[in-house]
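Working notes for the structure below.
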Amino acid sequence: MESDRQPAPTPLADVTLIGRHTQQRTVVVEALIRADGFVGAQALHNRLPAGGSPVGLSTVYRTLTALANAGRADMVRDTNGERLFRYRPGTDHRHYLICTECGLSRPVDSDPVEDWADTIARTSGFANVRHTVELTGVCPDCELGT
Ligand SMILES: [Zn+2]
Ligand SMILES: [Zn+2]
């Protein structure tokens, strides 16, 4: 399956996509992009730049969830059940294998999953069919205990 590749939207476009554009949401989206990996809402909140109008943790949660729902972020859960988010630069969505020990994440080939999901979407009569697939394990470094 060829996926439609589109130019990566700007953070501001993403903020508009998830609703009312606010300075706080912009700050959250920009922080998520800078995080460059999976990060929890609390951790991201800790990284927000000081100064300007303060952004509450609940705003961070809402913005991250809205981004994920809009397809602009990937979401997984760590072993404690905490939701972790990662910015998705384009519409080309990916699946990751995540180390439960250190949080290392690497993209994995997911063509069979995408083909299966596309088939379900085409034949089910459902609109906006989405899927979440999480792969977790222990990376080689953690397995060796280094
Ligand atoms: Zn690891
Ligand atoms: Zn997928």
Side-chain angles (χ1 to χ4, degrees), residues 1-22 24-50 55 57-146:
M1 290 287 305
E2 278 282 290
S3 58
D4 296 330
R5 284 177 189 275
Q6 296 172 7
T10 66
L12 287 182
D14 284 345
V15 174
T16 307
L17 187 71
I18 61 176
R20 203 157 47 88
H21 174 244
T22 67
Q24 279 135 326
R25 282 177 171 172
T26 305
V27 168
V28 173
V29 172
E30 286 173 351
L32 183 65
I33 293 170
R34 274 199 309 275
D36 194 30
F38 281 101
V39 64
Q42 180 68 64
L44 192 67
H45 185 251
N46 293 343
R47 289 188 208 176
L48 292 180
V55 180
L57 182 58
S58 60
T59 299
V60 175
Y61 267 114
R62 278 201 304 274
T63 303
L64 292 176
T65 304
L67 272 178
N69 289 340
R72 304 254 54 100
D74 293 304
M75 198 217 26
V76 298
R77 283 178 197 275
D78 71 8
T79 46
N80 299 319
E82 191 196 354
R83 289 180 294 171
L84 305 178
F85 297 86
R86 172 153 143 167
Y87 182 69
R88 190 188 294 164
T91 52
D92 188 23
H93 103 148
R94 315 201 75 168
H95 295 278
Y96 298 89
L97 178 58
I98 297 156
C99 177
T100 55
E101 303 299 310
C102 69
L104 173 83
S105 61
R106 66 156 63 151
V108 294
D109 171 35
S110 55
D111 287 350
V113 172
E114 305 308 331
D115 289 347
W116 165 76
D118 285 346
T119 302
I120 300 292
R122 277 201 314 274
T123 59
S124 64
F126 278 53
N128 294 323
V129 174
R130 297 199 174 113
H131 62 269
T132 306
V133 175
E134 301 173 17
L135 292 170
T136 58
V138 178
C139 78
D141 283 354
C142 290
E143 173 105 297
L144 291 171
T146 55

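What you see is a predicted model, and the numbers here were worked out from it, not measured in a lab. Atoms within each ligand, like the ligands themselves, are counted from 1 in listed order.
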Exercise: identify the closest heavy-atom pair between Leu32 and Val39:
CD1-CG1, 3.6 Å

Where Asp78 and Asn80 come nearest, the two heavy atoms and their spacing
OD1-N, 2.9 Å

Aromatic rings Tyr96 and Phe38: how do their planes relate, parallel, tilted or perpendicular, breaks at 30° and 60°?
perpendicular

Angle in degrees, rounded to 10°, that SG of Cys99 and SG of Cys142 form at the Zn ion (ligand 1):
110°

Using the Zn ion (ligand 1) as the vertex, how large is the angle between SG of Cys102 and SG of Cys139, rounded to 10 degrees?
120°

Can you tell which of Arg86, Arg88, Arg130 makes a salt bridge (charged side-chain N to carboxylate O under 4.0 Å, His left out) with Asp74?
Arg88

Provide the atom name of the closest N, O or S atom of Glu114 relative to the Zn ion (ligand 2).
OE2

